[in-house]
Amino acid sequence: MKPEQIVLYDGVCNFCDSSVQFIWKRDSRGIIHFASLQSEQAQTILRQQQIPADTDSFIFIDNGKAYVESDAAFRVARYLDKPWKYLGVGRVVPRFLRDAGYRLIARNRYKWFGKKEACSIPPVAVRARFLDA
C-alpha cells in the first residue's frame, strides 16, 4: 500500500532532520511517511509530481497533491496531535510573507544549523515510515 502523506526533506540538513523528528514524534497515528530528497524513492515521487529534481524545498505530498515551502509545513500540521495541529492557523498570514520567511531559513539552513555527511538512520520504532530506510 502506498502512503498518502509523504514528507520529502533534505536528508543531510540538520534543521530538516530535526523537523522530521518533530513530525514523527507528534504524529501518534503514524500517518505521515518520509523520504529524503537524496533517495531514489523521493526522486521518483518528484518525477511523478512533475516537480524539478533540483527543488530545494520541504515538500509534502497529501493525497496525491504536492505542497511546497510554507504551504507544505502548514499542511503537515493538520496531521499532528493536539495542540500542534493548530499551527495550521498560520496560513492566515499572506503566502508571500510566509514563503519569504521560509526561503530565508532555507537559504541559511546549512550555515545556521549545519550539515551532515549522510542521511541519518531513523530509530527502529519509526523506520517503517521511511520509504528509503
Side-chain angles (χ1 to χ4, degrees):
M1 185 171 112
K2 182 179 171 188
E4 297 293 326
Q5 289 74 30
I6 306 168
V7 167
L8 305 179
Y9 67 99
D10 181 349
V12 297
C13 165
N14 286 331
F15 179 74
C16 304
D17 185 60
S18 294
S19 297
V20 166
Q21 290 179 41
F22 179 90
I23 294 166
W24 91 53
K25 290 176 183 177
R26 287 153 185 87
D27 172 20
S28 62
R29 297 175 295 164
I31 293 171
I32 300 172
H33 290 73
F34 308 92
S36 70
L37 287 168
Q38 292 79 8
S39 71
E40 184 53 42
Q41 292 84 350
Q43 293 301 309
T44 298
I45 293 167
L46 291 175
R47 284 189 297 275
Q48 290 170 347
Q49 292 289 327
Q50 299 179 346
I51 298 171
D54 63 347
T55 298
D56 191 23
S57 174
F58 177 85
I59 301 163
F60 185 51
I61 310 299
D62 188 12
N63 294 306
K65 184 171 182 194
Y67 298 87
V68 297
E69 297 184 336
S70 66
D71 281 343
F74 287 123
R75 191 81 180 188
V76 164
R78 301 168 86 192
Y79 293 95
L80 301 181
D81 302 331
K82 291 178 185 174
W84 303 104
K85 70 184 315 164
Y86 301 121
L87 291 172
V89 301
R91 291 190 68 209
V92 299
V93 175
R95 181 183 289 151
F96 78 93
L97 290 174
R98 290 186 279 129
D99 284 349
Y102 176 92
R103 288 183 198 118
L104 175 68
I105 293 169
R107 265 192 318 272
N108 294 291
R109 68 185 187 270
Y110 295 143
K111 183 175 22 170
W112 294 347
F113 303 102
K115 186 176 179 179
K116 298 182 259 193
E117 292 294 317
C119 299
S120 61
I121 298 172
V124 173
V126 294
R127 199 165 294 162
R129 293 173 61 187
F130 283 77
L131 306 181
D132 48 1

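One is the number of the first residue; the rest follow in order along the sequence.
- I23 contributes atom CD1, which lies 13.0 Å from atom NE2 of H33 (distance to the nearest 0.5 angstrom).
- Side-chain atoms of I32 and F60, non-hydrogen and from C-beta on, do get closer than 4.5 Å to each other.
- When all heavy atoms of K85 and L80 are compared, the pair lying nearest together is CB-O, 3.2 Å.
- Linking ILVMFWY residues whenever their side-chain heavy atoms come closer than 4.5 Å, directly or via other members, leaves V89 and V93 in distinct clusters.
- Closest heavy-atom contact between D99 and S70: OD1-OG, 2.5 Å.
- The hydrophobic clustering, which links ILVMFWY residues whose side-chain heavy atoms are closer than 4.5 Å, places F74 and F58 apart.
- Annotation: the span from F22 atom CZ to F15 atom CZ amounts to 10.0 Å, rounded to 0.5 Å.
- The distance from the CG atom of N108 to the CZ atom of F113 is 9.0 Å, given to the nearest 0.5 Å.
- If you look at F34 and F130, their ring centroids are closer than 6.0 Å.
- Under the side-chain contact (heavy atoms from CB on, under 4.5 Å) criterion, L87 pairs with A77, W84, not counting sequence neighbours.
- The number of heavy-atom neighbours closer than 6.0 Å to CD of Q50, taken from other residues, nucleotides and ligands shown, is 12 or below.
- Taking OG1 of T44 as the start and CG of L131 as the end, the distance is 10.5 Å to the nearest 0.5 Å.
- Between the side chain of R109 and the backbone N or O of A106, at least one donor-acceptor pair lies under 3.5 Å.
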request  = Kindly determine whether N63 and Q5 satisfy side-chain contact (heavy atoms from CB on, under 4.5 Å), including the steps that lead there.
outcome  = CA-CA 6 Å; N63 294 306; Q5 289 74 30; 3.4 Å; yes
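- The closest side-chain heavy-atom distance from D71 to R91 is below 4.5 Å.
- Across every non-hydrogen atom of A42 and L37, the tightest pair is CB-CA, 3.8 Å.
- Residue I59 holds its CD1 atom at 9.5 Å from CD of E69, rounded to the nearest 0.5 Å.
- Not one N or O on the side chain of Q41 forms a donor-acceptor pair closer than 3.5 Å with the backbone of S36.
- Cation-pi geometry between R98 and Y102 is not met: the NZ or CZ atom fails to fall both under 6.0 Å from the ring centre and inside 45° of the normal.
- The hydrophobic cluster containing V76 also contains I31, counting ILVMFWY residues as joined when their side-chain heavy atoms lie under 4.5 angstrom apart, directly or transitively.
- Here L8 contributes atom CG and Y67 contributes atom OH; the two are 14.0 Å apart, rounded to the nearest 0.5 Å.
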task = May I have the step-by-step check of side-chain contact (heavy atoms from CB on, under 4.5 Å) for Q38 and D10, ending in yes or no?
result = CA-CA 7 Å; Q38 292 79 8; D10 181 349; 2.9 Å; yes
